[in-house]
K.L.:
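Take this structure, written in structure tokens, and hold onto it; I'll ask about it next.
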There are 2 protein chains.
Amino acid sequence: MTVFFSKKCEYGLQAVLFMAAREYDCVCPAEEISKKLIIPREFISKILQSLTESGIIESKKGKAGGFKLAKHPSKIKLIDIVEAIDGLDSFNSCVLGFPHCSPDKPCPVHDQWGALRTKAYEMLSSETIDKFKEKTLNKIKI
Amino acid sequence: MTVFFSKKCEYGLQAVLFMAAREYDCVCPAEEISKKLIIPREFISKILQSLTESGIIESKKGKAGGFKLAKHPSKIKLIDIVEAIDGLDSFNSCVLGFPHCSPDKPCPVHDQWGALRTKAYEMLSSETIDKFKEKTLNKIKI
DNA sequence: ACTTTATCAGATTATAAAGTCTGATTATCT
DNA sequence: AGATAATCAGACTTTATAATCTGATAAAGT
């Protein structure tokens with residue numbers, strides 16, 4: 001296996017990047033997101049619903065309804081989405097699964113994994129998603 | 001969620017580190033490994049069985065039977081265990097779940113994740129497990 | 001006001017991972 | 001040779017994640 005994010009989280013990240021790559025304030029129906037990203041319709045709906053609860057996106061009901069970012073892309077970081085869906089626990093636990101792993105009782109890869117985890121956190125938190133528009137377009141046709 | 005290794009893999013890594021920290025050629029019954037590492041008996045048995053098939057450890061049946069390393073700890077790397085249990089697929093796939101992620105069509109975190117993945121691979125493959133004896137003893141009482 | 005088109009909410013199903021059980025087999029000790 | 005103590009093998013159960021279905025609700029256009 002060796003996953004890093006859950007499927008839910010991957011899909012959530014993709015969907016938010018998709019919305020950020022479009023015109024600001026443009027409302028995207030779940031149906032469209034489902035088709036463009038090839039994610040089961042009802043599954044992405046549920047994920048978007050939970051991101052709405054977290055305040056990252058907002059929903060608009062009725063005809064011409066859908067989802068849009070709740071704030072400007074320059075205010076959103078990837079880590080916000082990860083935190084909302086998967087949580088941040090894995091950034092604080094031993095990669096080998098040993099209990100109570102700490103600097104004074106380190107596991108065999110404690111220091112190295114610690115450094116990597118910090119880098120991963122930076123990867124997700126140093127830039128806001130408005131910077132990712134171009135690269136998102138590599139992956140999704142809008 | 002945000003796992004890196006599956007539970008199976010974590011347990012497998014712990015068990016092999018445990019064996020490597022003991023006297024060379026010492027046979028460890030599954031029962032003992034289960035108790036020391038607090039892993040369900042039948043579950044660790046299955047994992048050890050599969051590591052036996054992979055040729056990383058060997059089993060000895062009958063009274064005073066159990067498992068021991070198939071080769072000297074200086075010939076075993078953590079990546080061998082990861083490969084045997086989880087496989088190496090995740091070292092070759094997009095962390096955001098986009099299909100066909102490549103240098104010419106990179107996803108928003110392609111370069112950074114690539115670098116991290118390389119570091120993670122190095123963490124698991126640069127040293128052999130005979131170097132980990134001391135740190136393993138931090139985590140497991142023998 | 002009515003129809004359409006969308007989300008919303010919660011129950012349900014499917015699949016995969018984690019963990020358990022049981023009976024057979026095998027080796028060692030007495 | 002027989003008893004014992006272990007693995008071995010495979011079926012089974014449980015739990016968590018992924019995905020689906022259905023009916024209610026709500027907003028916008030006519």
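Residue numbers begin at 1 in each chain, while the letters A, B, ... track the order of the sequences.
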K.L.:
Show me the side-chain donor-acceptor pairs of residues 129-138 of chain A shorter than 3.5 Å, one per line, residues at least two apart or across chains.
P.N.:
{"from": "A:D130", "atom 1": "OD1", "to": "A:T128", "atom 2": "OG1", "distance (Å)": "2.4"}
{"from": "A:T136", "atom 1": "OG1", "to": "A:F132", "atom 2": "O", "distance (Å)": "2.8"}
{"from": "A:N138", "atom 1": "ND2", "to": "B:P106", "atom 2": "O", "distance (Å)": "3.1"}

K.L.:
Could you walk me through whether A:L116 and B:F4 satisfy the side chain to side chain contact (heavy atoms under 4.5 Å, CB included) test, starting with their C-alpha distance in whole Å, then the side-chain angles of each, then the deciding distance to 0.1 Å, before giving a yes or no?
P.N.:
CA-CA 12 Å; A:L116 283 178; B:F4 195 67; over 6 Å; no
K.L.:
Does D:dT30 have a Watson-Crick or wobble mate here (both distances under 3.5 Å), and if so which one?
P.N.:
C:dA1
K.L.:
For nucleotides 27-30 of chain D, print each protein N/O atom paired with a nucleotide N/O atom at under 3.5 Å, atom names and distance only.
P.N.:
none

K.L.:
Separation of B:K8 atom NZ from C:dA16 atom P, in whole Å?
P.N.:
13 Å
K.L.:
Just grab all the salt bridge (Lys or Arg N to Asp or Glu O under 4.0 Å) pairs involving residues 14-43 of chain B, residues at least two apart or on different chains.
P.N.:
B:R22-B:E32, B:D25-B:K68, B:E31-B:K35, B:E31-B:R41, B:E32-B:K36
K.L.:
Report the distance from atom CD1 of B:I85 to atom P of C:dG19, rounded to the nearest whole Å.
P.N.:
13 Å
K.L.:
In whole angstrom, give the distance that lies between atom CD of A:E31 and atom P of C:dT7.
P.N.:
8 Å
K.L.:
Could I get the full list of salt bridge (charged side-chain N to carboxylate O under 4.0 Å, His left out) partners for B:E83, not counting sequence neighbours?
P.N.:
none
K.L.:
Starting the side chain at C-beta, find the nucleotide from D:dA18, D:dT7, C:dG19 nearest to A:K7.
P.N.:
D:dA18
K.L.:
By the side chain to side chain donor-acceptor pair (under 3.5 Å) test, which pairs, at least two apart or in different chains, include something from residues 95-120 of chain A?
P.N.:
A:S102-A:D104
K.L.:
For A:S125, check side chain to side chain contact (heavy atoms under 4.5 Å, CB included) against everything at least two apart and list the hits.
P.N.:
A:I79, A:Y121
K.L.:
Under the side chain to side chain contact (heavy atoms under 4.5 Å, CB included) rule, collect the residues that match up with B:S50, sequence neighbours excluded.
P.N.:
none
K.L.:
Output the residues of residues 35-55 of chain B in contact with DNA chain D, where contact means a heavy atom of the residue under 4.0 Å from an atom of the strand; sort by number or write none.
P.N.:
B:R41, B:K46, B:Q49
K.L.:
Would you indicate, yes or no, if C:dA18 has its OP1 or OP2 atom less than 4.0 angstrom from a side-chain nitrogen or oxygen of B:Y11?
P.N.:
no
K.L.:
Grab the CG-C1' distance between A:D86 and D:dA18 for me, whole Å please.
P.N.:
13 Å
K.L.:
If the condition is ring pair (Phe, Tyr, Trp, His ring centres under 6.0 Å), which residues does A:Y11 pass it with, not counting sequence neighbours?
P.N.:
A:F43
